[in-house]
Amino acid sequence: MTIIQRTIPKAIKVAGVAGFAGLGIYCTKQFSTAFAESNEPKPVFSGLGFTTLRLQSTKTVNHNTKRLVFEYPNESARSGLTLTSALLAITHPEGSWLPTIRPYTPISDLDEPGRIELMVKKYPDGKASGYLHSLKPGDSLRFATSLKGYQWKQNEFSHAYLLAGGAGITPIYQLIKGILKNPQDRTKLTLVFGVNSEEDLLLKEELDRYATEFPDRFNYIYTVSRPKEENSPYRTGYIDEELLRSTFKESTQNTKVFICGPPAMEDSLVGTRRSPEGILSRLGFSKDQSLVYRYASDLKSQTTVPGTAKMSGQTKSLYPEPNVLTSSLKVGAVTGSAGLIYGGISGVIRSPHPVIHSISCGIHWFACGASFWWLRSNILKLHYEDKATPKQRAYVSALSGGVAGGAVTRLMGGRLVPGLVVFSLLGYVGQSSYNAIDTWQMENANTTSKPFLQRMADSKWIPLKSLSDDDYRGILNEKVLSIEAEIALIDDKIGELEKLKTSGLESGNSDPAAK
Ligand SMILES: Cc1cc2nc3c(=O)[nH]c(=O)nc-3n(C[C@H](O)[C@H](O)[C@H](O)COP(=O)(O)OP(=O)(O)OC[C@H]3O[C@@H](n4cnc5c(N)ncnc54)[C@H](O)[C@@H]3O)c2cc1C
């Protein structure tokens with residue numbers, strides 16, 4: 001037993017060391033074959049593995065943002081990153097046992113030799129951002145592999161609209177820089193940049209310069225929600241529907257919208273699962289025409305973030321309306337299948353011909369379901385223009401249920417009045433229950449919206465913890481890092497032992513001589 005206990009951790013360590021050694025050899029081999037023939041140094045972030053870079057300089061941009069320039073070991077080396085990419089920085093926040101890994105988007109030219117620049121906004125209590133802000137020139141930072149974002153192809157679109165909020169400007173700026181520096185790329189760019197106050201207009205100098213240098217290809221609008229200056233030269237307000245309507249002057253054909261900002265801004269622009277109609281859909285953009293850089297993907301529950309677009313009122317959807325006939329047939333299919341099952345079971349119990357009973361029941365329920373839905377949808381659409389209140393919906397469901405159920409029951413040889421009463425009651429109760437659940441869900445939308453299984457797993461009575469993919473990835477990364485740390489410790493110990501051995505040998509050698 002004790003042997004097993006001792007050998008297992010050792011085996012894991014050996015496997016870890018062997019794994020890393022293998023990984024190291026693999027990476028080295030990859031790099032050396034690729035660059036053996038050319039004189040160019042290997043790209044800094046190509047392949048797998050970690051890269052440690054020295055911080056060359058820092059620059060405070062405003063009250064919460066810093067620019068950090070890291071130098072490559074070889075001054076003519078390039079990043080090897082493609083448009084668009086981010087880097088995973090491994091930070092060691094104070095008081096934290098485990099490293100924290102967060103992505104950051106380079107803002108320097110991705111092909112620039114010798115250096116790479118990040119711009120980091122510090123969040124209150126932010127682990128990684130706080131650590132990065134505490135770094136001094138000369139300190140080093142380790143990066144895990146790079147993360148590929150949307151891979152830009154030149155001239156894929158005639159116009160790209162770029163909507164950035166606060167620190168979400170970094171991936172958008174990387175795009176602007178990469179597109180404009182390519183003489184073969186003719187894509188026009190319009191940036192809408194929303195911030196809290198004038199001092200949050202990050203990279204303003206660079207953006208102004210691009211607008212002067214490329215007047216036909218790049219223009220921008222800055223919008224400041226809480227200007228500090230009395231006569232602020234910028235538009236005041238959020239990125240809202242009115243602003244975007246006046247910005248999107250051209251047709252939406254062959255255009256793409258790139259978005260990066262806090263969650264509330266993203267939600268208002270592209271909608272949410274609960275309320276799928278966002279500003280962009282109302283302005284005629286289809287879902288696949290917009291791309292969101294999930295900059296703050298870990299902030300699912302955050303609903304309001306300062307300096308972002310506000311949720312604006314709902315207007316008519318520009319998405320194709322669901323076809324009433326198709327949806328009625330779908331409802332009919334569901335109720336018909338339920339009827340088949342119910343008819344089958346009750347037929348076995350009550351009828352000498354269970355199959356016929358089941359089919360008859362299936363047809364009856366299909367006809368009831370489909371005609372109920374068709375009637376209900378048309379009344380809601382034509383009479384109430386899809387703006388019925390929950391109460392009106394319940395009345396319409398009762399009416400449609402009664403008419404459809406009564407008529408179908410009569411047609412199938414049953415009695416009209418019981419069919420009418422039963423199905424109108426079913427329609428009313430069904431719709432009222434739906435309304436009640438919907439209201440409850442909306443009330444809880446901004447509080448806890450964890451799925452039932454997750455709540456079970458989070459319960460103090462269950463000895464399990466639910467993990468998202470990100471949590472799991474984080475744990476694996478942390479494990480890899482702790483193995484790496486152990487390897488470093490073992491390396492140190494080996495070094496010490498070797499030193500001891502050499503000094504022992506030397507003293508052993510010198511002793512006889514001394515004698
Ligand atoms: C692909 C990608 C690229 C990114 N590039 C950059 C970049 O170039 N520059 C940059 O500064 N950041 C960038 N980020 C965000 C960055 O990775 C971190 O999420 C951010 O620095 C906060 O990490 P933290 O450990 O300091 O905060 P945490 O310790 O995780 O959180 C601390 C507090 O800050 C809040 N918070 C964290 N992130 C945000 C946010 N984005 N908006 C509002 N509140 C927040 C949290 O809710 C929490 O209350 C990028 C994110 C992604 C996914």
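FYI, the numbering just counts along the sequence from 1. Every number for a ligand or one of its atoms is a count from 1 in the order of the listing.
No heavy atom of Leu118 sits closer than 4.0 Å to any atom of ligand 1. Heavy-atom separations between Gly168 and ligand 1 are all 4.0 Å or longer. Ligand 1 lies within reach of Val120, whose nearest heavy atom is under 4.0 Å from it.
With a 4.0 Å heavy-atom cut-off, ligand 1 is reached by no atom of Pro93. Heavy atoms of Thr105 found under 4.0 angstrom from ligand 1 belong to the backbone as well as the side chain. Only backbone heavy atoms of Met119 (N, CA, C or O) come within less than 4.0 Å of ligand 1; its side chain stays farther off. If you look at Tyr123 next to ligand 1, the close heavy atoms, those under 4.0 Å, all belong to the side chain. Counting heavy atoms under 4.0 Å from ligand 1, residue Pro262 does not touch it at all.
For the side-chain contact (heavy atoms from CB on, under 4.5 Å) with Ile279, the lone residue among Leu163, Val270, Leu244 that qualifies is Leu244.
Within the 6.0 Å centre-distance limit, the rings of Phe248 and Phe285 are counted as a close aromatic pair. In summary, the aromatic rings of Tyr150 and Phe258 are positioned with their centroids under 6.0 Å apart.
A distance-only check finds no donor-acceptor pair linking the side chain of Ser108 to the backbone of Ile116 [under 3.5 Å]. Checked by atom type and distance alone, the side chain of Gln151 pairs as donor or acceptor with a backbone atom of Gly149 at under 3.5 Å.
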